[in-house]
Number of protein chains: 2
Amino acid sequence: MRKKSKATSIDIAHLAGVSQATVSRVLRGSPLVNAQTRERVEAAVRELNYKVDRHASSLRTQRAGTLALLLFEDPTPDDSHINPFFLSMLGSITRACARHGHDLLVSFQQLSDDWHADYEDSMKADGLILLGYGDYLAYRGKLETLVEQGTRFVRWGAVLDDQPGVSIGCDNLHGGRLVGEHLAGLGHRRIAFLGDASSHYPEFYDRYRGCDAALQAVGGGMHPALQVDAESSEEAGFEAARTLLARKVPFDAVFAASDLIAIGAMRALTDHGLRVPEDVAVAGFDDIPMARFAQPALTTVYQDTTRAGELLVESLVRLVRGEAAESTTLPASLVVRKSSGA
Amino acid sequence: MRKKSKATSIDIAHLAGVSQATVSRVLRGSPLVNAQTRERVEAAVRELNYKVDRHASSLRTQRAGTLALLLFEDPTPDDSHINPFFLSMLGSITRACARHGHDLLVSFQQLSDDWHADYEDSMKADGLILLGYGDYLAYRGKLETLVEQGTRFVRWGAVLDDQPGVSIGCDNLHGGRLVGEHLAGLGHRRIAFLGDASSHYPEFYDRYRGCDAALQAVGGGMHPALQVDAESSEEAGFEAARTLLARKVPFDAVFAASDLIAIGAMRALTDHGLRVPEDVAVAGFDDIPMARFAQPALTTVYQDTTRAGELLVESLVRLVRGEAAESTTLPASLVVRKSSGA
DNA sequence: CTGAAAGCGCTTACAG
DNA sequence: CTGAAAGCGCTTACAG
């Protein structure tokens, strides 16, 4: 099927009996145009179902009207499984983009990819939204390159003092503290932590330190023998819990750095004959949709993804306009469910 | 921060000592270029970190190199909740696009929106991928408009005989039959169906009819008094199950048209004092990630989203190139878990 | 194999 | 308030 060739602004000009320049003025909303002229042009636009050609417009204005969302994961996960937390971020970012009148390009990247290059340099997007956990130290250098090149970007992640660029993140320290206080309040003192707890993973590390602070307040603290590294996946959580059990160091609660880790860990604990929460209390982080349906329902920390998406887009749009934008930390709140035994 | 102006093909031409046309030839992979010339140009490209301007290129070639994914939902759901099944489709479509060298624009639309207009007409995308359930009869007209206008599109959904355009869908009839056979094999004869069962929702209707066929094979059939409409959401499933219970018509199993409906329904059944699967067997459809974690784990039908995404993209790319593409039905397979009591 | 030139469809300073 | 014209950065037929 051959489609009939699209109408151009010249066709509209002919039909409305004005110059092509005037058509363009009307479509750009210029205030210079006479009201009656405007109406004639608008009628012609409707009649021919005309739409401004995006490429011609962008080539001329040097604005793409598009933002790119780069979701990176490292190492490569199973093809179909994206962290559900990021999927809900994706949802809110998509909606926020629509509200701000921008289109959204979505791409999955490996942390190892040359992702700074493609989108802005080829003018496909006016700015980049970076989403994904990974070794922070490994990609900090990339962020610096982006800043050097003048690329406009915002990222979801920990807000650190010497951060290159703009970050929007959750108050992981406070979130961790809420979990620590909650578990400590239930009498737990030996809290295991499943997830990396180093400056390579600042989000997880803050959650760890927040929990530690809560325990210190009651005369305790986190115990290194009760910490096991894990990336954010169910499999990693399952393995981490098994590693923990194999150490035979007693613990009465598990704080998983993410819900996915928590869900995997609960499976390992149950397999091992432990009851949650009777024998071990468990808490996660993120409040992904699955958390409510976990068995038992998972106590976790909620992050406002709708607000986060809105802030990411808003900040990026501001940067694109040449305005300043600041890193922001969003509040975290505790969601108590059965897994912690409260 | 002001970024230094981007290199253009003219800068590369100067640096490599060739004409701008030759630079373009090299970047388009033209076979006409001398090997040494090619190398000099490529060196210059690397040195200046040059990227072809997408808008200039697309304006000239009339090709966007971009596909648009329109995810529509009707009526408007809660801001953050997209059907997890579509999210996993989104994941596989994104990866498939990358494999095919296309960018992907993502947008959420209301079924009522004028979604056919925007993307292709403004040249933002070469073709459309349509994803979403909704009243089929209500948007069939839109599909016809798309065909008339020569818009290239593929959609995820039931493959019907007189379908406008290309569809990729799951074998819902067979999927429903698998569920019916499974439940019938467990001795159930009074199977309630939660979800619309009319030509407005062909996917759901096929699942219903497949189940009916399985029951007919053992001398039974679906009972209209045991069917309750529900859109695909947990809330709708909860309400539908309550409506069903209120009818006081006996049933021994529930086949929910989607996992989300099944999860909501199980909550209503449990609230009502019924045990799943001891008192009522439950099965869903989709095998969303949550299904494994539902309480009890949900028996359901798996659809291969990775393959579906690949096929959608592949078919659309074919249409964009002016080649033919055919509608395809993908196999469905039963995933037995605890909720059916097998 | 390479270069000069036209043109894709807009936007916007310039002139009136 | 409106029009004529230049130019955004490419691609590709045409000529050599």
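Just so we're on the same page: letters track the sequence lines, and every chain starts at 1.
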Inspect the surroundings of CD in Glu323(A) and state if more than 12 heavy atoms from other residues, nucleotides or ligands are less than 6.0 Å away.
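More than 12 within 6.0 Å, yes.
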State whether the number of non-hydrogen atoms from other residues, nucleotides or ligands found under 6.0 Å of Leu48(A) atom CG is greater than 12.
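Enclosed.
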Nearest heavy atoms of Arg140(A) and Asp162(A), plus distance in Å:
NH2-O, 3.2 Å
Under a 3.5 Å cutoff, is there a donor and acceptor pairing between the side chains of Arg155(B) and Ser167(B)?
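The criterion, which ignores hydrogens and geometry beyond distance, is satisfied for Ser167(B) and Arg155(B).
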Can you tell me if Ser122(B) and Arg54(A) form a side-chain donor-acceptor pair at under 3.5 Å?
no
So what does the secondary structure string of DNA chain C come out as, 5' to 3', with Watson-Crick or wobble pairs under 3.5 angstrom, [ ] for crossing and | for pairs with another strand?
|||.||||||||.|||
Please enumerate all residues that pass side-chain contact (heavy atoms from CB on, under 4.5 Å) together with Arg307(A), with sequence neighbours excluded.
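Listed in chain order: Asp304(A), Glu310(A), Leu311(A), Leu330(A).
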Measure from CD on Gln36(A) to P on dC1(D) and round the result to the nearest Å.
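The distance from CD of Gln36(A) to P of dC1(D) comes to 11 Å, rounded to the nearest Å.
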Determine the contact category for Thr37(A): base if any of its heavy atoms lies under 4.0 Å from a base atom, sugar-phosphate if only primed atoms, P, OP1 or OP2 are that close, otherwise nothing.
sugar-phosphate
For nucleotides 6-12 of chain C, give me one character per nucleotide, 5' to 3': B if any protein heavy atom sits under 4.0 Å from the base, S if the only such contacts are to the sugar-phosphate, - if neither.
BBBBBBB
Which whole number of Å gives the distance between the P atom of dT2(C) and that of dA6(C)?
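That atom pair is separated by 23 Å.
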Say whether, by atom type as modelled, one donor and one acceptor occur between the side chain of Ser92(A) and the main chain of Thr305(A) under 3.5 angstrom.
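Pair found, side chain donor or acceptor close to backbone of Thr305(A).
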Could you measure the distance from the CG atom of Leu316(A) to the NE2 atom of His100(A)? Nearest 0.5 Å is fine.
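Atom-to-atom, Leu316(A):CG and His100(A):NE2 are 10.0 Å apart.
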